[in-house]
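First comes the structure, then the notes that go with it.
Since the model is a prediction, treat every value here as computed from it, not as a measurement.
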Amino acid sequence: MSSNNTENWMKDIGVLDHPSGVGEGSTTSAATNITALVVDDDSVNQMIHSKILENLGIQNQVVRNGKEAVDLHSSGNNFDLILMDMDMPVMNGIEATRKLRAMGVRSIIAGVSTCTRDEREQKEFMEAGLDDFQEKPLTTPKVVSILQKVNKKC
């Protein structure tokens, strides 16, 4: 996908509609202290998810697979929100979510997947310890919905 097509697509799904920093009275105006980890092996998805979070005033970091997410937490990093892809090389989202929960990670973990090919797989992902599941592409309203869970937990 060319950068021009990517930008048009990001506008279509609402990523580029919102200026950086969220206005007063918004559901996510308290989001400025929230930190997030984007776990996805696809660079376009990384960029979209990171940009949505940035537009909502959320500091975020990006890793390419579940092992990198587990390693990051093992080294003492913590996040309020983790956006976890299901299908990744090295360590998939299901295994990474199980390991993070076994380590005592209490972050809101939202699973994301390109499509719900298999209800069994989605159920297994939820049972691994997800707090939420969203189909890609993530959009600003989907992320705001997830953030409402973070704000309730904080």
Side-chain angles (χ1 to χ4, degrees), residues 9-10 12-18 20 22 26-154:
W9 184 66
M10 289 172 73
D12 289 345
I13 64 170
V15 175
L16 297 180
D17 290 347
H18 302 278
S20 288
V22 177
S26 166
T27 20
T28 57
S29 59
T32 53
N33 293 329
I34 294 174
T35 58
L37 178 64
V38 175
V39 186
D40 201 308
D41 60 316
D42 183 277
S43 60
V44 173
N45 287 328
Q46 290 173 353
M47 179 178 64
I48 290 168
H49 299 170
S50 182
K51 187 67 174 171
I52 289 171
L53 293 166
E54 284 175 20
N55 286 347
L56 294 171
I58 298 168
Q59 296 177 358
N60 66 89
Q61 192 169 338
V62 176
V63 295
R64 294 174 305 224
N65 60 61
K67 182 178 182 326
E68 290 180 7
V70 169
D71 291 347
L72 201 54
H73 281 83
S74 292
S75 66
N77 290 283
N78 291 300
F79 302 89
D80 300 302
L81 169 66
I82 301 171
L83 298 178
M84 180 75 71
D85 184 25
M86 182 163 56
D87 298 313
M88 297 175 287
V90 185
M91 182 185 292
N92 69 30
I94 296 170
E95 186 180 346
T97 299
R98 277 193 194 112
K99 285 188 184 261
L100 290 169
R101 292 303 190 209
M103 292 166 55
V105 172
R106 298 175 46 103
S107 307
I108 294 286
I109 303 178
V112 291
S113 183
T114 306
C115 62
T116 343
R117 304 179 303 274
D118 182 354
E119 279 186 37
R120 246 178 326 120
E121 243 182 2
Q122 183 180 338
K123 184 175 186 243
E124 183 183 6
F125 202 6
M126 287 299 296
E127 289 172 351
L130 293 183
D131 297 292
D132 193 23
F133 181 86
Q134 298 286 335
E135 284 192 25
K136 291 179 188 175
L138 279 183
T139 59
T140 300
K142 287 179 182 179
V143 173
V144 168
S145 166
I146 297 166
L147 288 173
Q148 289 171 339
K149 293 180 181 188
V150 172
N151 286 332
K152 286 178 186 174
K153 194 171 181 178
C154 292

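Pairing each heavy atom of Gly66 with each of Ala96, the nearest pair is CA-CB, 3.5 Å. The minimum heavy-atom distance between Ile58 and Ala36, with the atom names listed, is CG2-CB, 3.9 Å.
Between the side chain of Asn65 and the backbone N or O of Met88, no donor-acceptor pair lies under 3.5 Å. One N or O on the side chain of Glu68 and one on the backbone of Arg64 form a donor-acceptor pair closer than 3.5 Å. The backbone N or O of Asp40 sits nowhere less than 3.5 Å from a side-chain atom of Asp42 that would complete a donor-acceptor pair. Lys67 places no side-chain N or O within 3.5 Å of a backbone atom of Pro89 that could act as its donor or acceptor partner.
The side chain to side chain contact (heavy atoms under 4.5 Å, CB included) test with Leu53 is passed by exactly one of Leu81, Thr35, Val62, Ile48: Leu81. Residue Phe125 is tested with Leu130, Val112, Asn92, Ile109 for a side chain to side chain contact (heavy atoms under 4.5 Å, CB included); the sole match is Leu130. With respect to Val144, the side chain to side chain contact (heavy atoms under 4.5 Å, CB included) criterion is satisfied by exactly one of Ile52, Thr139, Leu56: Leu56.
The number of heavy-atom neighbours closer than 6.0 Å to NZ of Lys136, taken from other residues, nucleotides and ligands shown, is above 12. In this structure, Lys99 places its NZ atom where only 12 or fewer heavy-atom neighbours from other residues, nucleotides or ligands lie under 6.0 Å away.
Between Asp131 and Arg101, at least one side-chain nitrogen of the basic residue sits less than 4.0 Å from a carboxylate oxygen of the acidic one, meeting the salt-bridge criterion. A salt bridge links Glu124 and Arg98; the closest N-O separation between the charged side-chain nitrogens and carboxylate oxygens is under 4.0 Å. For Glu127 and Lys123, the salt-bridge test passes: some basic side-chain N is under 4.0 Å from an acidic carboxylate O.
The closest side-chain heavy-atom distance from Ile94 to Met86 is below 4.5 Å. Considering only heavy atoms from C-beta on, Leu100 comes within 4.5 Å of Ile82 through its side chain. Between Asn60 and Leu83, every side-chain heavy-atom pair lies at or beyond the 4.5 Å cut-off. Counting heavy atoms from C-beta outward, Val63 and Asp71 have side chains that stay 4.5 Å or more apart. Looking at heavy atoms from C-beta onward, Asn77 lies out of side-chain contact with Leu37 at the 4.5 angstrom threshold. Proximity of Asn55 to Thr140: side-chain heavy atoms (C-beta onward) are nowhere separated by under 4.5 Å. Residues Ile108 and Asp80 form no side-chain contact, since every pair of their non-hydrogen atoms from C-beta on lies 4.5 Å or further apart. A 4.5 Å side-chain heavy-atom check between Ser43 and Gln46 finds at least one atom pair inside the cut-off.
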field: Audit row: Asn45, Asp85, side-chain contact (heavy atoms from CB on, under 4.5 Å) steps and yes/no
entry: CA-CA 9 Å; Asn45 287 328; Asp85 184 25; 5.9 Å; no
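Listed by chain and number, the residues in a salt bridge (charged side-chain N to carboxylate O under 4.0 Å, His left out) with Asp132 are Lys149 (sequence neighbours excluded). For Phe79, the ring pair (Phe, Tyr, Trp, His ring centres under 6.0 Å) partners two or more places apart in sequence, or in a different chain, are His73.
Here Gln134 contributes atom CD and Ser113 contributes atom OG; the two are 11.5 Å apart, rounded to the nearest 0.5 Å. A distance of 11.5 Å separates CD1 of Ile34 from OG of Ser107, quoted to the nearest 0.5 Å.
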